[in-house]
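Below, each value reflects all heavy atoms present in this structure, side chains not excepted, and no hydrogens, waters or symmetry copies. On a predicted model such as this, the values are computed, not experimentally measured, just so you know.
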Amino acid sequence: MSNRFTASILLFFRKILRRLESLFFLAKTLLSERNFIYLSSVAVAISCAFAVIILKSFAHNVFIFANYANQYLKLPFANSIFPIIGILLTVFVIRKFLDGSIEKGSSRILYAVAKKGGILPKKQMYAQIITSSLTVGLGGSAGLESPITITGAAFGSNFAQKYKLSQKDRILLLSCGVAAGIGAAFNAPIAGVLFAIEVVLTDITISAFIPIIIAAATGALVSKIVLTQDILLSFEQEQNFDFHNTPYYILLGILAGFVSVLHARNFRKVEHYFSKFKTNGYRKALFGAGILAVLIFFFPTLFGEGYESIKTLSTRHPESLLENTLLESHKSNEWLLLIFIGTTTLLKSFATGLTLGSGGNGGNFAPSLFVGSYLGFFVAKFMHLTGINSNLPITNFTIVGMAGILSGLFHAPLTAIFLIGEITGGYDLMVPLMIVSSISYAVSRQFEKHSMDVKALADKGEVFTSDKDKNILQSIDFLKLVQTDVHTINLDKSLENVVEHLSNSKQNLIPVLDEKQKLLGVVDFEEIRSFVFNPYRIKFTTVEEVLSQPKEILYHDDGMETIMDKFESSDETQLPVIKSGKFYGLLSKVDILEAYREKLKEMVIE
């Protein structure tokens with residue numbers, strides 16, 4: 001009976017989905033291209049908003065249950081057990097239902113825009129929701145915003161593919177999904193728009209603003225209607241900005257910049273450590289989750305997103321954070337509370353690294369807000385306890401600190417300023433937000449050229465930048481341009497064979513290979529031109545005598561910027577390509593420039 005009922009429900013939803021698809025196909029034929037994009041941005045935003053609602057509600061309810069288990073069921077280890085279960089379940093789902101892999105981090109959106117023309121796999125529309133809800137919902141020390149933005153981007157990308165929209169519209173709808181995700185997650189539409197433009201779209205025109213604004217507003221509206229304030233991160237600001245405190249905000253900005261760099265580097269170290277594990281997924285997950293469980297046992301505020309503890313920190317009773325800890329009996333000791341807060345600030349990067357490195361799924365957006373709030377509280381409270389300035393508004397510093405770390409980690413100061421402005425319900429703190437965010441960004445940029453999420457792409461030469469020419473070059477898959485059916489020779493061949501081929505081909509270089517297909521050198525037409533019409537010299541000259549080393553060699557994992565630099569330095573029109581230590585083919589500079597011209601026509605956003 002239950003199976004029949006389930007089948008009936010699924011059939012009902014399939015019929016609704018098919019009808020909606022028919023309506024959108026009809027709308028595409030009736031509406032202008034621009035108006036259809038507006039309609040599409042609303043559809044993508046609503047889909048993304050409901051994904052946010054599912055994720056946020058699940059995470060919040062598990063947090064409530066964990067607290068209930070601690071306080072009423074007297075299960076002191078519940079907070080430590082849940083993350084282990086969550087990470088193991090995440091690994092199980094990835095291995096059994098998601099082909100053994102899942103792309104994590106918002107950097108995958110940038111990669112899709114820069115290298116794939118805005119195409120994201122269909123499974124990203126549901127994979128992120130399932131895995132991150134298990135990881136973060138059950139206490140993994142990470143955030144839901146990165147999975148939310150990937151989900152939103154996937155909705156936008158696949159919607160555009162479904163209705164056969166152009167590449168520029170596909171990238172635009174992808175950005176609409178990102179904006180809607182941030183707008184819905186924080187009820188902050190302006191921050192959603194800025195994040196999409198500042199982080200995802202670095203080259204945009206005014207006409208593209210409208211769909212992104214519509215998407216962000218729609219996502220925030222749906223979220224506001226369905227979700228309650230206790231699920232969303234929000235504050236009631238108590239004190240206004242006092243310009244006399246400006247030096248302390250400057251200090252907070254400087255510290256936020258340094259802490260951002262420290263957090264990013266510690267996180268990468270932990271992730272890199274786990275990437276070298278040779279054990280299977282479950283053993284690695286159990287090892288990492290076990291260490292995380294120990295950290296959460298001593299520092300329960302590391303459990304989950306941490307938004308509840310951020311709210312507690314900004315109230316008049318931050319000492320309640322020490323409840324259900326080994327320090328609960330000493331929660332009236334303010335210095336002990338300060339030490340606890342400072343230690344937690346430094347440990348968050350390790351906790352997040354353990355969560356994601358061991359196999360869980362999540363992001364660094366929420367951890368950046370967590371670390372920022374704790375840092376802001378630490379600075380203000382330290383000034384109070386030492387008597388340097390007992391009038392600093394601790395709540396304001398807690399709030400502004402979030403913008404500092406967010407700006408420093410993601411190199412997105414505008415997003416940080418307006419996000420915190422929106423979630424505090426006003427812009428009275430606009431000046432300190434600007435001070436802290438800009439200083440933190442400047443300090444962070446001195447030590448890290450690229451943001452936390454972009455760093456991995458930058459190391460591979462795939463970074464998405466504000467330089468439009470670089471973006472277009474990076475979107476070109478140069479391996480598809482390599483001529484693999486080229487004529488090659490061995491050392492024992494005669495020069496007559498070389499000359500015969502050069503006279504019937506546009507190929508200027510003849511690669512010379514050994515029996516294992518390794519490149520020994522090349523025969524350059526320009527170097528043998530002087531005796532190419534001298535039969536005697538051709539007959540009695542060996543290939544080895546005219547063999548030369550190429551001025552530059554390209555490798556299959558070289559970035560396009562590196563490739564163009566090698567063409568420039570060598571002043572050659574063709575260069576050999578090596579893949580896995582063996583000769584792969586020849587790449588022509590003319591073919592790259594032609595591909596660049598085609599991409600330029602495709603990627604112009606009107």
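Here the closest heavy-atom approach between residue E271 and residue G353 is recorded as CG-O, 4.4 Å. In plain terms, the two heavy atoms of P83 and G139 that are nearest each other are CG-O, 3.7 Å. Taking all atoms of both residues into account, the shortest heavy-atom contact from C48 to I148 is SG-O, 4.2 Å. Taking both residues in full, the closest heavy atoms of V193 and A179 are given as N-CB, 4.2 Å, listed atom of the first, atom of the second, then distance. The minimum heavy-atom distance linking G304 with K348 is given by the pair O-NZ, 3.6 Å. Taking every heavy atom of both residues into account, S175 and A196 meet most closely at O-CB, 3.7 Å.
Below 30°, between 30° and 60°, or above 60°: for F410 and F195 the angle between ring planes is above 60°, a perpendicular geometry.
Between F186 and F365, a ring centre-to-centre spacing shorter than 6.0 Å is recorded. Taking the six-membered ring for Trp and the full ring otherwise, F277 and F274 have centroids separated by under 6.0 Å.
Put simply, CG on L89 and OG on S133 are 10.0 Å apart, with the number rounded to the nearest 0.5 Å. Rounding to the nearest 0.5 Å gives a distance of 8.5 Å between CG of L88 and OG of S358. Summarising the geometry, atom CD1 belonging to I296 is positioned 6.5 Å from atom OG1 belonging to T355; distances are rounded to the nearest 0.5 Å. We find the CG-OH distance between L120 and Y111 to be 11.5 Å, quoted to the nearest 0.5 Å. Rounding to the nearest 0.5 angstrom, the gap separating the CD1 atom in I119 from the CD atom in Q124 is 13.5 Å. Interatomic distance, R445 CZ to S260 OG, rounded to the nearest 0.5 Å: 13.5 Å.
The closest side-chain heavy-atom distance from F370 to T344 is below 4.5 Å. F159 has its side chain out of reach of F155: every pair of non-hydrogen atoms, C-beta onward, lies at least 4.5 Å apart. The shortest side-chain heavy-atom distance between N266 and V270 does not fall under the 4.5 Å cut-off. Side-chain atoms of L419 and L194, non-hydrogen and from C-beta on, never get closer than 4.5 Å to each other. A 4.5 Å side-chain heavy-atom check between Y163 and L173 finds every atom pair outside the cut-off. The closest side-chain heavy-atom distance from Y307 to L369 is below 4.5 Å. Side chains of S309 and Y374 form a contact here, defined as non-hydrogen atoms less than 4.5 Å apart. Side-chain contact between I87 and L354: absent, with no pair of heavy atoms (C-beta onward) separated by less than 4.5 Å.
The salt bridge (Lys or Arg N to Asp or Glu O under 4.0 Å) search around K162 returns E21, not counting sequence neighbours. Remark: E319 engages no residue in a salt bridge (Lys or Arg N to Asp or Glu O under 4.0 Å) (not counting sequence neighbours).
Side chain of T149 to backbone of V178: no donor-acceptor contact under 3.5 angstrom is found. A distance-only check finds no donor-acceptor pair linking the side chain of T90 to the backbone of G360 [under 3.5 Å]. S407 places no side-chain N or O within donor-acceptor distance of the main-chain N or O of A403, the cut-off being under 3.5 Å. Side chain of T135 to backbone of S132: no donor-acceptor contact under 3.5 angstrom is found. No donor-acceptor pair under 3.5 Å is formed between the side chain of S440 and the backbone N or O of V436. In this structure, S157 contributes its side chain and G118 its backbone to a donor-acceptor pair below 3.5 Å. Remark: the backbone N or O of L302 is paired with a side-chain donor or acceptor of S141 at under 3.5 angstrom. Listed for the T352 side chain is no donor-acceptor partner under 3.5 Å among the backbone atoms of S349.
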Go through the steps for Y126 and L98 under the test side chain to side chain contact (heavy atoms under 4.5 Å, CB included), then give the verdict. CA-CA 10 Å; Y126 57 85; L98 299 175; 3.8 Å; yes

For ring-ring contact (aromatic ring centres under 6.0 Å, His included), just list the numbers for F92 and Y282, CA-CA rounded to whole Å, side-chain angles, deciding distance to a tenth of an Å, and then say yes or no. CA-CA 8 Å; F92 172 78; Y282 295 113; 7.1 Å; no

Derivation and outcome, side chain to side chain contact (heavy atoms under 4.5 Å, CB included), residues L346 and L262: CA-CA 9 Å; L346 298 176; L262 181 65; 4.0 Å; yes

For T301 and F340, what are the C-alpha separation, side-chain angles and deciding distance, and is it a side chain to side chain contact (heavy atoms under 4.5 Å, CB included)? CA-CA 10 Å; T301 54; F340 179 85; 4.2 Å; yes

Show your working on side chain to side chain contact (heavy atoms under 4.5 Å, CB included) between L144 and E305 and close with a plain yes or no. CA-CA 7 Å; L144 294 172; E305 288 182 292; 3.8 Å; yes

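In this structure, F382 places its CZ atom where only 12 or fewer heavy-atom neighbours from other residues, nucleotides or ligands lie under 6.0 Å away.
N187 and E422 form no side-chain donor-acceptor contact under 3.5 Å, judged by distance and modelled atom types alone.
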